[in-house]
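Here the structure comes first, spelled out in structure tokens, and everything after it is commentary.
Only heavy atoms go into these numbers, but all of them, side chains included; no hydrogens, no water, no symmetry mates.
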Amino acid sequence: AVLVLASKSRGINHPEFQNEIYKMIEESPARDRIITLYGQFPARAFDTIISSSDIVILTYELGGQSGIMAHAFAFGKPVVSSDLRAFREWIEESQGGLVATSDEELASHSIKLLSDDKYRESLSSNIVKFIKNKTSWKIVAKQHIKVYEKCAWRPAPFARYFG
């Protein structure tokens, strides 16, 4: 397996965190199988990174729903995520990944998904169904139209005035 660590660089905002990551990579016995990609990726590059992965691992400590999870789901990629409420709810509803409550679970869930092709494919299939039935653009558009119809002023039907 190859770990690709792709992240928007935080530049001067969190240099101690970046240094900690670089040190962990340098000290890792698997350092020759770790690729780090930092920067603001153009959409096409980001799509290539996500679409070429087998799984996407989201190890957030804080946050809400992630655009990266939605991006992974758009490509049908199962996720292993930290136990943030928004992540957990999406994973439970979609059945498209696993939630880790510890570093040990993060590792074991990742290994399970990488070593069990059939299980990984079933999660991917769940994601495709979830997107088609719950979050597709067609569904989002219909929901927006319903909201707009409730908010929009419309004159009474013509017949009411001349009727």
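Listed by chain and number, the residues in a side chain to side chain donor-acceptor pair (under 3.5 Å) with Glu92 amount to none (sequence neighbours excluded). When the ring pair (Phe, Tyr, Trp, His ring centres under 6.0 Å) test is applied to Tyr119, no partner is found at least two apart in sequence or on another chain. For Lys138, the side chain to side chain contact (heavy atoms under 4.5 Å, CB included) test picks out Ser136, Lys142, with sequence neighbours left out. Contacts of Thr101 classified as side chain to side chain donor-acceptor pair (under 3.5 Å), with partners at least two apart in sequence or in another chain: Glu105. By the side chain to side chain contact (heavy atoms under 4.5 Å, CB included) test, Ile21 pairs with Leu5, Phe17, Ile25, Tyr38, sequence neighbours left out. A search for side chain to side chain contact (heavy atoms under 4.5 Å, CB included) contacts involving Val2 returns Val4, Ile35, not counting sequence neighbours. In this structure Val140 satisfies the side chain to side chain contact (heavy atoms under 4.5 Å, CB included) test together with Trp137, His144, sequence neighbours excluded. Annotation: side chain to side chain donor-acceptor pair (under 3.5 Å) contacts of Asp83 (sequence neighbours excluded): Arg88.
For the salt bridge (charged side-chain N to carboxylate O under 4.0 Å, His left out) condition, the pairs that include at least one residue of residues 120-130, sequence neighbours left out, are Asp117-Arg120.
Proximity of His109 to Leu113: side-chain heavy atoms (C-beta onward) are nowhere separated by under 4.5 Å. Side-chain contact between Asn126 and Ser94 is absent, with no heavy-atom pair separated by less than 4.5 Å.
The CZ atom of Phe73 lies 13.5 Å from the NZ atom of Lys134; values are rounded to the nearest 0.5 Å. Rounded to the nearest 0.5 angstrom, Ile111 CD1 and Asp116 CG are separated by 13.0 Å. Interatomic distance, NZ of Lys77 versus CG of Leu123, reported as 12.5 Å (0.5 Å rounding).
Across every non-hydrogen atom of Val79 and Ala72, the tightest pair is CG1-CB, 3.9 Å. Residues Ser124 and Pro78 approach most closely at N-CG, 4.1 Å, considering heavy atoms. Contact record, Ile131 with Ala74: CD1-N, 4.0 Å, taken as the closest heavy-atom pair.
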Are Val147 and Gln143 close enough, and set up right, to give a side-chain contact (heavy atoms from CB on, under 4.5 Å), and what steps lead you there?
CA-CA 6 Å; Val147 170; Gln143 290 171 344; 5.8 Å; no
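The hydrophobic cluster containing Val128, built from Ile/Leu/Val/Met/Phe/Trp/Tyr side-chain heavy atoms closer than 4.5 Å, comprises no other residue.
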Do any side-chain atoms of residues 44-59 form donor-acceptor pairs under 3.5 angstrom with protein atoms, and if so which ones, sequence neighbours left out?
from, atom 1, to, atom 2, distance (Å)
Asp47, OD1, His71, NE2, 2.6
Thr48, OG1, Arg44, O, 2.9
Ser51, OG, Asp47, O, 2.8
Ser51, OG, Thr48, O, 3.4
Ser52, OG, Thr48, O, 2.9
Ser52, OG, Ile49, O, 3.1
Ser53, OG, Ile50, O, 2.6

Using atom types as modelled, flag every donor-acceptor pair under 3.5 Å from a side chain in residues 27-34 to any protein atom, sequence neighbours excluded.
from, atom 1, to, atom 2, distance (Å)
Ser28, OG, Ala30, N, 3.0
Arg31, NH1, Glu26, O, 3.2
Arg31, NH1, Ser28, O, 3.2

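Val99 and Val80 fall into different hydrophobic clusters, where Ile, Leu, Val, Met, Phe, Trp and Tyr residues are linked whenever their side-chain heavy atoms come under 4.5 Å apart, directly or through other members. Residues Leu114 and Leu98 share a single hydrophobic cluster, defined by chaining ILVMFWY side chains whose heavy atoms lie under 4.5 Å apart.
Using cut-offs of 30° and 60° for the angle between ring planes, the Trp90 and Phe130 rings count as perpendicular.
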